Amino acid sequence: MPRGKRRAHLLHAAREVFVAHGYHAAAMDEIAVRAGVSKPVLYQHFPGKLELYLALIDAATEELLNRLHRALASTDDNKQRVIATVSAYFEFVDDQSGFYRLLFESDLANDPAVRMRLDRLTELCSAEISQIIAEDTGLSPEEATLLAVGLVGTAQVSARYWLATAGTIPLEKAAELVASLGWRGIRGFPLHP
């Protein structure tokens with residue numbers, strides 16, 4: 001198997017194990033077995049469990065950021081942007097890959113390398129949103145960033161709560177409710193002439 005394909009295969013197997021057991025309970029032996037490779041092959045691609053986990057966090061981050069980029073670029077109508085962005089979070093946590101667990105429920109969140117990546121994710125998610133807010137309202141970058149972080153946090157925490165309650169409200173309706181809350185707040189800032 002070509003190196004790139006092998007790496008993707010190993011990451012897929014590792015994701016399944018880490019999502020199911022968390023970082024601390026996951027074992028490299030189990031990941032190797034799940035991938036159908038020997039441990040030496042696994043270690044050829046990843047020097048250790050932490051490096052493998054960080055590679056998965058990077059992949060999960062890229063997936064979420066791609067969803068947010070598409071949502072923000074999907075329309076110029078700010079109300080629809082809020083709906084699309086909140087929906088992107090809900091769809092991300094509802095995705096069967098379980099990637100959201102690596103980002104939002106990591107049992108290794110206090111490790112400096114993991115924390116740095118998670119903080120960077122919040123920063124990147126908020127940056128695009130804050131730029132739109134600043135351009136539309138004339139708020140300072142600091143003020144726009146604070147509002148963007150609040151919107152990101154609301155979407156993330158609400159989506160995780162929705163999933164934890166077994167999605168008793170249909171995804172579209174749940175995302176619409178949370179987007180409505182965000183839109184009602186952000187639309188109160190007058191548009192910058």
Side-chain angles (χ1 to χ4, degrees), residues 15 18-19 53-54 56-165 167 169-192:
R15 185 198 51 178
F18 283 125
V19 165
Y53 192 74
L54 292 175
L56 283 170
I57 288 178
D58 292 343
T61 295
E62 184 177 336
E63 174 64 26
L64 179 56
L65 288 173
N66 285 337
R67 288 173 186 248
L68 293 178
H69 292 311
R70 286 192 303 269
L72 290 168
S74 69
T75 181
D76 289 333
D77 179 272
N78 284 335
K79 181 178 181 180
Q80 294 306 311
R81 267 193 193 131
V82 171
I83 293 169
T85 302
V86 170
S87 293
Y89 272 95
F90 274 78
E91 290 163 4
F92 181 73
V93 301
D94 192 46
D95 190 291
Q96 296 302 309
S97 70
F99 260 159
Y100 82 94
R101 295 195 67 203
L102 299 172
L103 298 178
F104 306 142
E105 297 177 1
S106 175
D107 60 344
L108 196 62
N110 290 327
D111 176 87
V114 173
R115 180 83 264 140
M116 180 187 74
R117 282 169 166 81
L118 297 178
D119 290 345
R120 182 77 175 135
L121 173 62
T122 299
E123 190 178 298
L124 291 170
C125 290
S126 302
E128 277 189 75
I129 296 168
S130 69
Q131 183 177 1
I132 293 167
I133 292 170
E135 288 170 2
D136 286 353
T137 64
L139 291 172
S140 72
E142 295 81 10
E143 293 167 325
T145 299
L146 180 63
L147 292 176
V149 169
L151 290 171
V152 165
T154 298
Q156 180 197 121
V157 172
S158 298
R160 287 178 50 221
Y161 173 79
W162 169 82
L163 188 65
T165 61
I169 301 170
L171 185 145
E172 295 80 17
K173 179 67 175 171
E176 185 181 309
L177 283 168
V178 174
S180 179
L181 174 68
W183 174 244
R184 286 181 180 156
I186 201 69
R187 78 172 182 199
F189 292 91
L191 286 177
H192 186 55

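Sequential numbering from 1 along the given sequence is applied to the chain's residues. Note that the coordinates shown come from a computational prediction; the quantities given were computed from them, not determined experimentally. These numbers come from the heavy atoms of this one structure, side chains and all, not from hydrogens, waters or symmetry mates.
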*Gap separating the OG1 atom of Thr85 from the CD atom of Gln80, nearest 0.5 angstrom*: 10.5 Å
Could you pull out every donor-acceptor pair under 3.5 Å between side chains of residues 152-161 and any protein atom, sequence neighbours left out?
residue	atom	partner	partner atom	Å
Thr154	OG1	Gly150	O	2.8
Ser158	OG	Thr154	O	2.7
Arg160	NH2	Phe104	O	3.4

*Check whether any side-chain heavy atom of Arg15 sits under 4.5 Å from a side-chain heavy atom of Ser97, and report yes or no.*
yes
*salt bridge (Lys or Arg N to Asp or Glu O under 4.0 Å) partners of Arg70, counting only residues at least two apart*: none
*asked:* Let me confirm one number: the CG-SG distance from Leu151 to Cys125, rounded to the nearest 0.5 Å.
replied: 12.0 Å
*Once you round to the nearest 0.5 Å, how far does CG of Leu121 lie from CG of Leu65?*
5.5 Å
*Excluding sequence neighbours, so at least two apart, what forms salt bridge (Lys or Arg N to Asp or Glu O under 4.0 Å) with Arg117?*
Asp58
_Within the structure provided, determine whether Thr122 and Leu118 are in side-chain contact (heavy-atom separation under 4.5 Å)._
no
*Donor-acceptor pair, Ser130 side chain versus Ala127 backbone, under 3.5 Å?*
yes
*Heavy-atom pair of closest approach, residues Trp162 and Ala174*: CD1-CB, 3.4 Å
_For the CD atom of Glu176 and the OG atom of Ser87, what is their distance to the nearest 0.5 Å?_
8.5 Å
*asked:* Side chains of Tyr89 and Val178, heavy atoms from C-beta outward: is any pair under 4.5 Å?
replied: no
_Working to the nearest 0.5 angstrom, can you tell me the gap between Leu171 CG and Lys173 NZ?_
13.0 Å
*Where do Val149 and Ser126 come nearest, in terms of heavy atoms and distance?*
CG2-OG, 3.3 Å
*Spacing of Leu54 atom CG and Leu108 atom CG [to the nearest 0.5 Å]*: 8.0 Å
*Does any non-hydrogen side-chain atom of Arg67 lie less than 4.5 Å from one of Asp95?*
yes
_Give me each pair satisfying salt bridge (Lys or Arg N to Asp or Glu O under 4.0 Å) with a member in residues 72-85, each pair once, sequence neighbours excluded._
Asp76-Arg81
_Under the rule for ring-ring contact (aromatic ring centres under 6.0 Å, His included), what residues qualify as partners of Tyr53, not counting sequence neighbours?_
Phe18, Tyr23
*For Arg115, look at atom CZ and say whether over 12 heavy atoms of other residues, nucleotides or ligands are found less than 6.0 Å away.*
yes
_I'd like to know whether CD of Glu62 has more than 12 heavy-atom contacts from other residues, nucleotides or ligands below 6.0 angstrom._
no
*If you look at every heavy atom in Ile133 and Ala144, which pair is closest and at what distance?*
CG2-CB, 3.9 Å
*Would Gln131 and Glu135 count as a side-chain contact (heavy atoms from CB on, under 4.5 Å) if you check the C-alpha gap in whole Å, the side-chain angles of each, and the deciding distance to 0.1 Å?*
CA-CA 6 Å; Gln131 183 177 1; Glu135 288 170 2; 3.3 Å; yes
*Closest non-hydrogen atom pair, Leu102 against Ser106*: O-CB, 3.4 Å
*salt bridge (Lys or Arg N to Asp or Glu O under 4.0 Å) against Asp94, all qualifying residues, sequence neighbours excluded*: none
